[in-house]
Peer 1: 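Quick one: the structure is below, and I'll ask about it shortly.
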Amino acid sequence: MKKLKALRIWLMSILGLIPLIFISGCNLNTRMSTFVTKGPVAETQLDLFMLTVWVTGFIFLAVGGVYVYVVIRFRDKKGDENIIPTQGHGNPLIELSLIGISILLLVIIAVPTLQGIWYTHDVPDDESSLLGSWYSHGDISDAAKEEPFIIRAIGYRWWWEFEYPQLGITTANEFVIPAGRPIHIELRSVDVIHSFWLPKIAGKVDLIPGRANSMWIQAGDSKEAWIEKNNFSGSDSETQLAYLKYLEDEIYDYYYGQCAEYCGDSHARMLFRAHVVSDDRFYSWIDRMKTGHTKAPDDMNWDNWYQAYDQSPETLTGDINEGLKLFMGRAKCATCHVVKGNPRAVGVAGPNLTYLAERHSIAAGWLNHRNEDNTVDKKAQLANFIQWIKHTDDVKPGNLMWKAKGGGIGELQPLLNDEEIRKISLYLQSLQ
Amino acid sequence: MTTDTTIISNPKQNTDISELKPELSDIGLVRPDHSKNVFIDWLTTVDHKKIGLMYGTLALFFLLVGGLEALVIRTQLAVPENDLISAQRYNQLFTMHGTTMIFLAIMPLNAAFFNFLVPLQIGARDVAFPRINAFSLWAFVAGALVVNFGWILQALEAFGLFSASGPTAGMNDFVPAMGWFGYAPITGKEFTGAGTDFWIMGLQILGVASISASFNFIVTIINMRAPGVKMMRLPVFTWMTLIVSLLIIFAFPAITIALAQLMFDRVFGTNFFSVAGGGQPILWQHLFWIFGHPEVYILVLPAMGIVSEVLPTFARKPLFGYAIVVFSGAVIGFLGFAVWSHHMFTTGLGKIATAAFSLLTMAIAVPTGVKIFNWVGTLWGGKIRFHAPMIFALGFVWMFMMGGFSGIMHSSAPADAQQQDSYFVIAHFHYVAIGGILLAIVSGIYYWLPKMIGRMWQGKLNIWVGILTVVGLNITFFPMHFLGLLGMPRRTHTYLSGFGWETYNLVCTIGSYILAFGVLLLLVDIIRCFRSKIPAGNDPWDARTLEWATSSPPKVYNFAQTPIVNARDAFWADKYGPLDRKMGMVDESHGIHMPSQSWMPLIASFGFIPLGLGMSLMQAGVPYAGYTAILGLVILVLGIALWAIEGPGGYHLHPNKQSH
Amino acid sequence: MSQEVAHDDSHHNLMVKNKKLLMWLFLGSDCMFFGTLISTHLIYRKLYPEEFDPTLLFSLELTSFSTFILLMSSFLMALSVSAMHKGEIKSFRRNVIGVIFFGLIFLGCQVYEFAHFVHEGLTLSTGTFGSTFYLMTGTHGVHVAIGVFWLISMLFYSKGGNMEAHKNAVDVETAGLYWHFVDIVWIVIFTVVYLIEFIA
């Protein structure tokens, strides 16, 4: 019995592994799963991963099998105590051939790895990658037409800014992209190192201060790639329909991403979202972001509103007006936040709040109010706004909005009261 | 034929150390030799065996500390949106967990084995520079104290005995919270406080300790081998010690300079890593990993050495392909300097560099695989006896293989883009660190502790230690592969529900408690061994290498007479080999020269404490910090100067037959 | 000096004394220290070629002079090692005094140079050039200073006739190795930090 105790331990540990295999068999289609890929970059990465899994799995079975056999076969049996086995020192032929086999197995991984490195590094160098080849809405400069579509992701502690330099808009934490189009992402950081990770669409690349990193992503296959992949043959309109159906069924969605490089206290709460939509919805979103909120509350125009605000603020009544007054005044929100359209909300230290109420989360993805059908849960949204303004430092410890060397809302004297917070929240909810 | 059969002695001469008269050193002070006071004896010792035991004890203590930190981390992550501890505390915990486990637990555990075993395995009386050896140990203690100083302050603060106010207001935080590889620029003074300074100075001191210890081992192994112990007859463990020591002396300078640059950035306003002044944070990553990757092999090669000793002993066969195992160890060490950037695949290295480091990383899998093949080859045709050391060694091979496979998965750079900084990486290196290194070290403890203390293990607790650690480790870390692939980034103090991570995290947490219980049982078993009444005897395992030829525990002089070695597995050949392979004896009838004990290494290295703390607190503007640092420097220099002029001293012993 | 002869009666597998082997290993390790410092400097120099023009600041004459002084000190060091081997303590002491003297001149030059540079506006925080330059040359200066300190204590120690060829030659030789190494490092620094700026 004693001789078998190692075997018993192995048996136990294999038994211990069984429940793990069980849970691993359960749902792999989760929000940030790398197993469910929705774009060519992530797909390449998954393919390579699976290749390594198969190769190492093969080695595991081969070497592990021999290992288990050897341990059982050559165990010390009763009565063997005084037998001294042959003192063999090795066999160069066996050793060299094993080295040869290992090198061969590694080559199987190495070749596609090199291809993968080249493919995933830059936006494919072809005509259809250029912004001019597909962007057919509004004016873009001639230079932009010759470039790929560029989004600049800027990391702050602890939120994300997304600029669309060619289209002239800026948003924060949730960005919108069209399906099937390659996008060149410029990665910049203003403070420490962050990492941009959108698992279903692409693996991560770091945002390093003082360094111009970039990556490319694409949600879903381009039409050409999709036709080729599915061997689809049919008339142009049939193809178009089937392709749109593919996008509709599989690609248009709300994708979750997160900062993947430790960046300080609230690193865990630095999430972001990518909303993948059709070209048409993308265009209309761009239009809205460009113009912003052209009207002040109560459908006033901004000149009139500010005239009233400056001269007789008491004439601006109602929760939303009160909220905006606090936003511009006592709460000092506008010193750090841009609300496009509002001529005086032009601070750039904090996230851009244009159409904030249309986003499905706030606080860099930590407080969520998204319904399953991709609409906004208004009740949860209001509660989230209130929680964020009231407990900023608990939701995101160490952030600048709470304490900014005298300028934060946690340093206001007195602090905002519940009624004020509710009014600001109601105003924010009107940003839609 | 063993050493005790042919000893020539003169019974009239002193044989008992305690009967020797204390002598004066060259500076006129009494040497602390032969002290009857146990504390003085251990504090001033230059005996590599006592130093090894102290390394081991301290390392086990820090293993517990690091383990406790890990348990708090796992408890916090058991359920989503948990608020057991604050974000800042969590970040401190994972930073100190990594730092503690690597620099204060595994490295000194390895050092414990190096110290105890290397001189015995090569038939030497001690290491080449016994006082430098003591200095390394105490410098390690000083460094450990400085790194952990933040926890002490934190504890004082919790009891209301200290707070960062008034003169110490500039400290911000006490415990480092930037991750164990401290990526710039989060280590800049605008982002972190005094904790980072403690970390910088602590690591510097630990670096001094490691480098000086490594010089010692290299000289010892190259120059102090007993007659006939050719390089290709060295036990594999000693070989791995040599390679690791070489890695340390060539890898540590990179981090020493990087830390110095960082310290200058924080204290003197230089611009090495500060973006505002043109510094490039990416440079830190290069310098750190030029050290950091060899460091991985610094941690794992000794484990491979231990297993390469245990497997042949319990299979009763020589190591299969000794030369190729040694050679592949050297290749791993050499290639280890050429793969650092695989920790940086996501930093935008460019295609060419990424490809080159990807391929080199795959290449390093070959010598690692070779070792595994050779271990299996060693077992083939043997008579495998399942004693406790063997169980853990067999477990090592299996678990290390698992860690190696996920390593191969990382080597494919595009696949790594999804794995980097996720829980997949955590799973990978914990399979290597616990499944690999820790199991091997436990195997080494079960194997050599009877030699170290002369008592034999009792009872069957080792079976439970084995089951609990192996099962616990798999339950903790196997699900982490999936966690990482399902998108959970590492170093997050909490997570939202709804991402499919809840079950995995809970399972991991449960596993970590099982693992912790296993480690606790190991300590219980070690204590039981110390209390055991069963004498170990010289050679309880029917082993193969030279250390088993002498008594357990070995006498202060190791071998009454220096052996003359005529075979690779010297002791095995002596027991079972042909006549021309048996050991001979050097005639040492004139007695054995032993080095004197000394206070100076202890005094000199404790100068590091005020030096380190003073330098750390300078950044926070704490008054007198600079003077404290200068005081430390003075103590250090004075200690070394007195050390130089007190002279090595020494005394002669004449062991007789009985005392052996 | 630092006499770590634990085993008077032990043999050495290599024909090198332990102490000397230790110094060789230290120098190997030290190569990595200076390698890291010098490469940091060169990397930043290449990255920001326009940041700072050292040719306006560096005085090639002064640095060439101090380099020459250091070279000469190495020559004297070699003489003192050989004197020690022959047991000529007097000659050894004479040469060591020369080494110390030259070492101090070198250090003086460096102190003057640093003071001058700081005066001209190149400080530790002047971009990356100031940082890398001072840390690198400063580390080298500390090496020279330690060497001078070492030799001075050796000089004092040898005063009372404490040193003998068979016992202490290895000590002097070890110190000599160190001194030559520090000298070689300076030649590398002089070439890649000073000279190259004027060539390019």
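Here is the naming used below: chain letters follow the sequence lines, and residue numbers restart at 1 for every chain.
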Peer 1: Applying salt bridge (charged side-chain N to carboxylate O under 4.0 Å, His left out), can you list everything that pairs with C/Arg93, at least two apart in sequence or on another chain?
Peer 2: none
Peer 1: Chain B heavy atoms under 4.5 Å from C/Tyr44: which part of the residue, side chain, backbone, both or neither?
Peer 2: side chain
Peer 1: So what's closer than 4.5 Å to chain B heavy atoms on C/Leu135: side chain, backbone, both or neither?
Peer 2: side chain
Peer 1: Taking the inter-plane angle between the rings of C/Tyr178 and C/His143 on a 0 to 90° scale, is it parallel (under 30°), tilted (30 to 60°) or perpendicular (over 60°)?
Peer 2: parallel
Peer 1: Heavy-atom cut-off 4.5 Å, strictly under: side chain, backbone, both or neither for C/Thr126 against chain B?
Peer 2: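 For C/Thr126, the contact with chain B is made by the backbone alone.
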Peer 1: In this structure, is the centre-to-centre distance between the rings of B/His48 and B/Phe217 below 6.0 Å?
Peer 2: no
Peer 1: Flag the one option from C/Ser131, C/Ser39, C/Gly130 with the top tally of heavy-atom pairs under 4.5 Å to chain B.
Peer 2: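 When all of C/Ser131, C/Ser39, C/Gly130 are compared, C/Ser131 has the most.
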Peer 1: Identify which of B/Phe252, B/Phe250, B/Phe272 forms the greatest number of heavy-atom pairs closer than 4.5 Å to chain C.
Peer 2: B/Phe272
Peer 1: Which atoms of B/Ile211 come close to chain C, meaning under 4.5 Å heavy atom to heavy atom: side chain ones, backbone ones, both, or neither?
Peer 2: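 Side chain of B/Ile211 only, per the 4.5 Å heavy-atom cut-off to chain C.
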Peer 1: Decide if the gap between the ring center of B/Phe268 and the ring center of C/Tyr134 is smaller than 6.0 angstrom.
Peer 2: no
Peer 1: Examine whether an atom of B/Glu646 lies under 4.5 Å from a heavy atom of chain C, and if so say whether it belongs to the side chain, the backbone or both; otherwise answer neither.
Peer 2: neither
Peer 1: Which is it for C/Phe133 and C/Phe52 under the ring-ring contact (aromatic ring centres under 6.0 Å, His included) test, yes or no, and what are the steps along the way?
Peer 2: CA-CA 12 Å; C/Phe133 175 79; C/Phe52 188 83; 8.7 Å; no
Peer 1: Could you look at C/Phe129 and say if it's the side chain, the backbone, both or neither that has a heavy atom under 4.5 Å from chain B?
Peer 2: neither
Peer 1: Taking side chain as everything from C-beta outward and backbone as N, CA, C, O, which of these in B/Phe264 sits under 4.5 Å from a heavy atom of chain C? Side chain, backbone, both or neither.
Peer 2: side chain
Peer 1: When heavy-atom pairs shorter than 4.5 Å are enumerated against chain C, which of B/Asp265, B/Thr256, B/Ile640, B/Val46 gives the highest number?
Peer 2: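 Going by pairs under 4.5 Å, I would pick B/Thr256.
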Peer 1: Ion pair present between C/Arg45 and C/Glu197, side-chain N to carboxylate O less than 4.0 angstrom?
Peer 2: yes
Peer 1: Does C/Ser125 offer a backbone N or O that forms a donor-acceptor pair with the side chain of B/Asn271 under 3.5 Å?
Peer 2: yes
Peer 1: Hey, mind stepping through C/His140 and C/Phe190 against ring-ring contact (aromatic ring centres under 6.0 Å, His included) and telling me if it holds?
Peer 2: CA-CA 11 Å; C/His140 180 267; C/Phe190 180 63; over 10 Å; no
Peer 1: Which answer fits B/Leu283, side chain, backbone, both or neither, if we ask what part of it has an atom under 4.5 Å from a heavy atom of chain C?
Peer 2: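 Just its side chain gets close to chain C.
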